[in-house]
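Just follow the structure's listing: the first ligand is 1, and inside any ligand the first atom is 1. Basis for what follows: all heavy atoms, side chains included, without hydrogens, waters or symmetry-related copies.
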Amino acid sequence: MPKSQFLDPNVARHSGEITFKPIPVNQYNKTIAQEKKNFSTEDFKRIYHDMVVIREFETMINLIKTTGEYSGIKYDHPGPAHLSIGQEAAAVGMAYTLTVDDFIFGSHRSHGEILAKGLSAIHKLDDAQLMNVMENFFDGTILKIVKKGFTGSVKELGRRFLLYGTLAEIFARETGFNKGLGGSMHAFFTPFGVYPNNAIVGGSGDIAVGAALYKKVNSKPGMVVANIGDASMACGPVWEGITFAAMDQFEQLWQGAMKGGLPVIFNIMNNLYGMGGQTCGETMGYGMPARIGAGVNPDQMHAERVDGYNPLAVIDAYNRKRKIIEDKKGPVLLEVLTYRVSGHSPSDSSSYRSKEEIEAWQKQDCIEAFGQELIKAKVATQSDLSAIWTDVKAIIREMFINSIDLEISPRMDIKNHPEQIGEMIFSNESVDKMEDRTPEVNHPMAENPRVIQISKKERFAYDAEGKPFSKMKQYQLRDGIFEAIVDRFYKDPTLIAYGEDNRDWGGAFAVYRGLTEALPYNRFFNSPISEASIVGTAIGYAMCGGRVIPEIMYCDFLGRCGDEVFNQLPKWQAMSGNVLKMPVVLRVSVGSKYGAQHSQDWTSLVAHIPGLKVCFPVTPYDAKGLMNSALQGTDPVVFFESQRIYDIGEQFHKGGVPEGYYEIPFGEPDVKREGKDVTILTIGATLYRALEAAKILEEKYGMSAEVIDARSLVPFNYEKVIASVKKTGRILISGDATARGSFLNDLARNITELAFDYLDAPPVVVGSRNWITPAYELEEAFFPQPEWFIDAIHEKIVPLKGHVSGQNFSDLEQIRRNKLGI
Ligand SMILES: Cc1ncc(C[n+]2csc(CCOP(=O)(O)OP(=O)(O)O)c2C)c(N)n1
Ligand SMILES: [Mg+2]
C-alpha cells in the first residue's frame, strides 16, 4: 500500500534546536578481580591465547616478508601482508561474544579478525557441528591435511583447520579457504561467520549492511559487524552504508516483526593511521570516529569509543551493544581504539611517525598488559602464560610447514587445467528460489491492479490487418519486465527489490507500478539516493543467500557505484573459490533527452568487466524472457533498459508475448529482419533505427539488409552472426555507446577474425560520437541515425547508386577525428 505520513508545515517550521547526548569515551574501568564473576579462569586464558595466536601468526608473516624465513624455515611470500601487531585485543574483544550466526566483514588488515572470529566460533560449536563443518568444506580436503597423524581433540583439530586454511589462502594454495584466489586481503570462511574482507578499503561499509538486511528480511539469527579502518571512515561506501542502515523506514514503515533497526555494528578499528596519514590531526576532522554517530540519527548510532587495548573493555561494549541490536535499535557505531605497532605493510619504514610514539604504545602492549593483570589477579601464573606461547608457536610452525609444502598444499594446476579460473567466473546455475518457504505477499497475484490491467492489453502490437493497436492498448516493454519480476516475487521468498523512488512512484519509468500493492516494505522499498549502497547492499544480501534486484535510475549514475559494479559484484564468486553465489540483477536504465549526464549508454564499460553478465533487450518478448533467465540464475546480471522504448509493443514475436513463463538464454542474438545483402548488428534501442535504415535500403537501393539484435553482450554467441555474414559478406555494427573503446569495436574485431574469409569489406562500426550527449534537440547529431547507416555502407562497404552522404565516413575524416580525440 502507498504510505501515508503527513508532513505538517506547522511542526516542520517550528523553532527549536537539535541537541546531542554525550558520547562515552573509554568509560570501562573494571579490574580483572571485578570481572571474575563474568569470566572463568578458562575464559581469561582463552582471551590471552587468542591474542597470542594473532601475535605469533602476524609475527611469522612479518619475519617471512622481512627476513625470508620463520623459525629456521625459508619461504618467499611475494604477495601482500597487512599485519595487525598491536591490534590483537581489539580483534579478540570484537569476536569474543559473537556467535557463529554473527557475521563479520573487514578489510585488507583482517588476519587478526579472521583468527579471532574463527577461534570464537570453534569454541562455540559443539564437536559434532565443528566436525560437520570441516568434513563438508571442499569435501574435507583441508580436514584431511590437518588430521594427518593428529590424535588430539576436535577443538584442537578446529584450531589447526583455521590456522592452516587461512595460511594456505594467504600463500595462494588451492587448499586455502578460497582456493588461493582470495589471498591475504580477501580471505574468509563463512561457516565460522567470517565473511569477505575487502582490499578496496571501506568496501565492506555497504556490503555488510546488505548482509544485515538479509538477516532482517529473511528472519535469520545473528548480527553483522562491519570492521572498518579509521581512515576508511572517509570512504563513500562507508557513509552510504551508514545512511542506508539508518533509514527511518525500518522503524516507521516496516511492519510487524520486520519493524525496527538493522542488526549491524560499524566497528571502527581506530589504529590512528591510514597508511601514513594521521586521521586525528591530519586527514580527518572527526577527532574521534565515534563523534560521527551524533550526526546520523537521533539515537546517535549509540556511538562510543572503547579502549581496544583492553580486550575486556571491548567485550563489555559488545555485550551492551548486542542488547541494542536485539532490541532492534541498530545500527550501532563502535570506535575501538587501538594501535598498529607493525608497519602498514612490511616494507613500511614508518617515516610518518616517531620511534618514541611506537615505543610508548609498545610499553602498554595489549597482550603483555593483559598477561600481567591475569598474574596480578592470580588467574594465571607466568608459567601458564609461557605454556600458551609455547603451544601456539608449535602449532603455527607446524601449520606453516604444511602450508608451504607443495605436495601437501599445491597451487591451482593452471598448466594442466588452463581454464580452471575461467570456469569459476560464473556459477551458471538455474534456481527457482533461493529458499523454500512461502513468499510474503499482500494479495494473490491475480488480484493485483497492474496484473489485471495488463491482462486487458494486446500482447502483439498489430491487429490481424497489420494495423498497430493504440499505445495504451499495447502490451509494452515495461510490462514484460514487470511480469517477469512479479512472477519471481511470488516464487522466490528471498527476492527483494529496491532503488530510488521504486515504491509509491512505481519506479521512475513505471516498470514497478503495481508492486507497491503486492509487496510489504520488507520486500520492496525506496532506498536513499545512494547508488553505492544500492548496489553494495545487494551484493551483501546475495552473498548471504538471497536474490535481489537493485535499480539504478540512469545509466550515467553507474559511476556513483563504480567500485561496487567494477570490483565487488563481478569478482566475489571467483575470489571466494566459488563458495559464494551472486544472484543480483542490477537494472540500469539508459536515458535520452536529458543531456550529457542523463543519456549515456555505458554498456561497453560494463561489458569490459570480467564476471558480469550483460544484456540489453529492446522488445517486450526479449525483455520478459531475458529477465526470467536473469532471475533464474545465480550470477550477477547488469540488465540494461532504454527509456526511449519503455512503451514499445511487441512487433516481432508472432503470437505476441506469452502469458506464461519462458526463458530466453543469455548470449543468443536474434535475427529481427531477414536479408541477404548486408548484415546490421545492433545493441539496444538502435535496433529500431537500423530497421528504418533497412527499409530505406530496400526501397531506395534495392539492397536487402538482415538486422540482428545482439540482445546480450556477455556472454555472446557469434555463430548466428557469422552465419549471416557468410550469406551477406558485409556487416555494419551499431549501438548508442560512444564508439571509441566500445563493445561495438570488440564485436567488429572478433567478426573480422572469425569471418574474414566471407567478408567483402571490413566490419564497419557506427556508434555515437565521442562527445558529450547534447540536448534533446541536438541528439540527432550524436546518436546513430538511420541515414548514418546508409552513409556508412555507401562509403565503407559498397557504393550505393546515386547516394549522397550526409555524414562524413571517409578515412581522412576518421584520421582527423582521432587526431583530435573526438
Ligand atoms: C579505495 C582504496 N584506496 C586506497 C587504498 C590503499 N590503502 C590500503 S590500506 C590504506 C589505509 C587504510 O587505513 P585504515 O582504513 O585506517 O585501515 P588500516 O590500514 O589502518 O587498518 C590505503 C590508503 C585501497 N586499498 N583502497
Ligand atoms: Mg587505520
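For atom 25 (N) of ligand 1, the closest heavy atom belonging to the protein is Ala199 O, 2.8 Å. Nearest non-hydrogen protein atom to atom 18 (P) of ligand 1 is Arg109 NE, 3.5 Å. In terms of protein heavy atoms, atom 13 (O) of ligand 1 is closest to Gly274 CA, 3.2 Å. For atom 4 (C) of ligand 1, the closest non-hydrogen atom on the protein side is Val201 CG2, 4.3 Å.
Between the Asp230 side chain and the Tyr273 main chain, a donor and an acceptor come within less than 3.5 Å of each other. Not a single donor-acceptor pair under 3.5 Å links the side chain of Glu174 to the backbone N or O of Ser409.
Residue contacts with ligand 1, taken as heavy atom pairs separated by less than 4.0 Å, involve His344 solely via side-chain atoms from C-beta onward. In Met275, the parts holding a heavy atom less than 4.0 Å from any atom of ligand 1 are both the side chain and the backbone. Contacts between Asp230 and ligand 1, counted as non-hydrogen atom pairs separated by less than 4.0 Å, involve both the backbone and the side chain. Contacts of His82 with ligand 1, taken as heavy-atom pairs under 4.0 Å, are absent altogether.
Between Lys363 and Glu359 there is no salt bridge, since no side-chain N of the basic residue sits under 4.0 Å from a carboxylate O of the acidic one.
For the residue pair Arg397 and Tyr70, no side-chain donor N or O sits within less than 3.5 Å of a side-chain acceptor on the partner. Residues Arg109 and Ser84 bring no donor and acceptor atom of their side chains to less than 3.5 Å of each other.
Remark: ligand 1 and Ser232 share an N or O pair separated by less than 3.5 Å (distance only, no angle test). Remark: ligand 1 and Ile200 share no N or O pair separated by less than 3.5 Å (distance only, no angle test). Among the atoms of Gln87, none of the N or O lies under 3.5 angstrom from an N or O of ligand 1.
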